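Everything numeric in this text was worked out from a predicted model, so none of it was measured.
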Amino acid sequence: MLSQAGHTDAGEDSGFTLLEVVCVLGITAMLAAIALPAIPRATSLPRINGYALEAAALLNADHAAAQRQNREIATVVDAPSRIIQSGASGRILRFPSDVTVQALLASRCNNRPAGATIRYLPSGMSCGGVIGLTRLGAGFEVRVNWLTGVAEVAPVR
């Protein structure tokens, strides 16, 4: 028997009920809640660039503070712990565990051992250094010029 709209009235259900759709969505949400935390969230190259720019800003602030306060300021670079600490403000910059931090620093500065620091002199000079921030071989270097004391960021491939 045909209805006036041209559909058969055979009594068969076509499509899904609301309850079936809600159950499927619920199961999908539970699976996503279990699976998403297991997916590694790696630090992207633009985010590493952001970390390098933050490090350069911290270093440049210490450089300016050494000149303004007319005293030597040492910025601590702890590469194994992935930390840079400002000598002027005490601000700490931490890097994620998937970012490799390498530091090439002077062994002596201003006629004494420098340790794991980049020292800024009141004259505007520094002991210089290079801090590398990489992940899977790509990243950025923060280079501190020993003559001018200015930190700049350069890409590494």
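Each of V76 and L133 belongs to its own hydrophobic cluster when Ile, Leu, Val, Met, Phe, Trp and Tyr are linked at side-chain heavy-atom distances under 4.5 angstrom. Under a hydrophobic-cluster definition in which Ile, Leu, Val, Met, Phe, Trp and Tyr are linked whenever side-chain heavy atoms come within less than 4.5 Å, directly or via other members, L58 and L53 are assigned to the same cluster. No continuous path of ILVMFWY side-chain contacts below 4.5 Å connects V130 to V153, so the two sit in separate hydrophobic clusters.
Of the inter-residue distances, the one linking D62 atom CG with I73 atom CD1 reads 5.5 Å to the nearest 0.5 angstrom.
Without hydrogens or angle criteria, S86 side chain to S89 main chain gives a donor-acceptor distance under 3.5 Å. Remark: the backbone N or O of P122 is not paired with any side-chain donor or acceptor of N70 at under 3.5 angstrom.
Using a 4.5 Å cut-off on side-chain heavy atoms (C-beta onward), I131 and V77 make contact. With contacts defined as side-chain heavy-atom distances shorter than 4.5 Å, the pair R91/E54 qualifies. For the pair I48 and R135, the minimum side-chain heavy-atom distance is below 4.5 Å.
Atom CZ of R94 has 12 or fewer neighbouring heavy atoms from other residues, nucleotides or ligands inside a 6.0 Å radius.
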Steps toward side-chain contact (heavy atoms from CB on, under 4.5 Å) verdict (L93, I83): CA-CA 6 Å; L93 184 58; I83 292 174; over 6 Å; no

- prompt: Hey, mind stepping through I84 and D78 against side-chain contact (heavy atoms from CB on, under 4.5 Å) and telling me if it holds?
  reply: CA-CA 6 Å; I84 298 175; D78 187 354; over 6 Å; no

task: Could you walk me through whether L45 and F140 pass the side-chain contact (heavy atoms from CB on, under 4.5 Å) test, one step at a time?
output: CA-CA 9 Å; L45 195 58; F140 297 88; 3.9 Å; yes

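Between L121 and A66, the closest heavy-atom pair is O-CB, 4.1 Å. Pairing each heavy atom of S126 with each of V144, the nearest pair is OG-CG1, 3.6 Å. Across every non-hydrogen atom of C127 and N110, the tightest pair is SG-N, 4.5 Å.
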Can you give each donor-acceptor pair under 3.5 Å made by side-chain atoms of residues 113-120, sequence neighbours left out, with the distance rounded to 0.1 Å?
{"unit_1": "T117", "atom_1": "OG1", "unit_2": "A114", "atom_2": "O", "d": "2.6"}
{"unit_1": "R119", "atom_1": "NH1", "unit_2": "E72", "atom_2": "OE2", "d": "3.1"}
{"unit_1": "Y120", "atom_1": "OH", "unit_2": "L59", "atom_2": "O", "d": "3.3"}

Just distance, no hydrogens or angles: give the donor-acceptor pairs under 3.5 Å from side chains in residues 19-34, sequence neighbours left out.
{"unit_1": "E20", "atom_1": "OE1", "unit_2": "T17", "atom_2": "N", "d": "2.9"}
{"unit_1": "T28", "atom_1": "OG1", "unit_2": "V24", "atom_2": "O", "d": "2.8"}

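Among residues two or more places apart in sequence or in another chain, the side chain to side chain donor-acceptor pair (under 3.5 Å) test is passed with Q85 by none.
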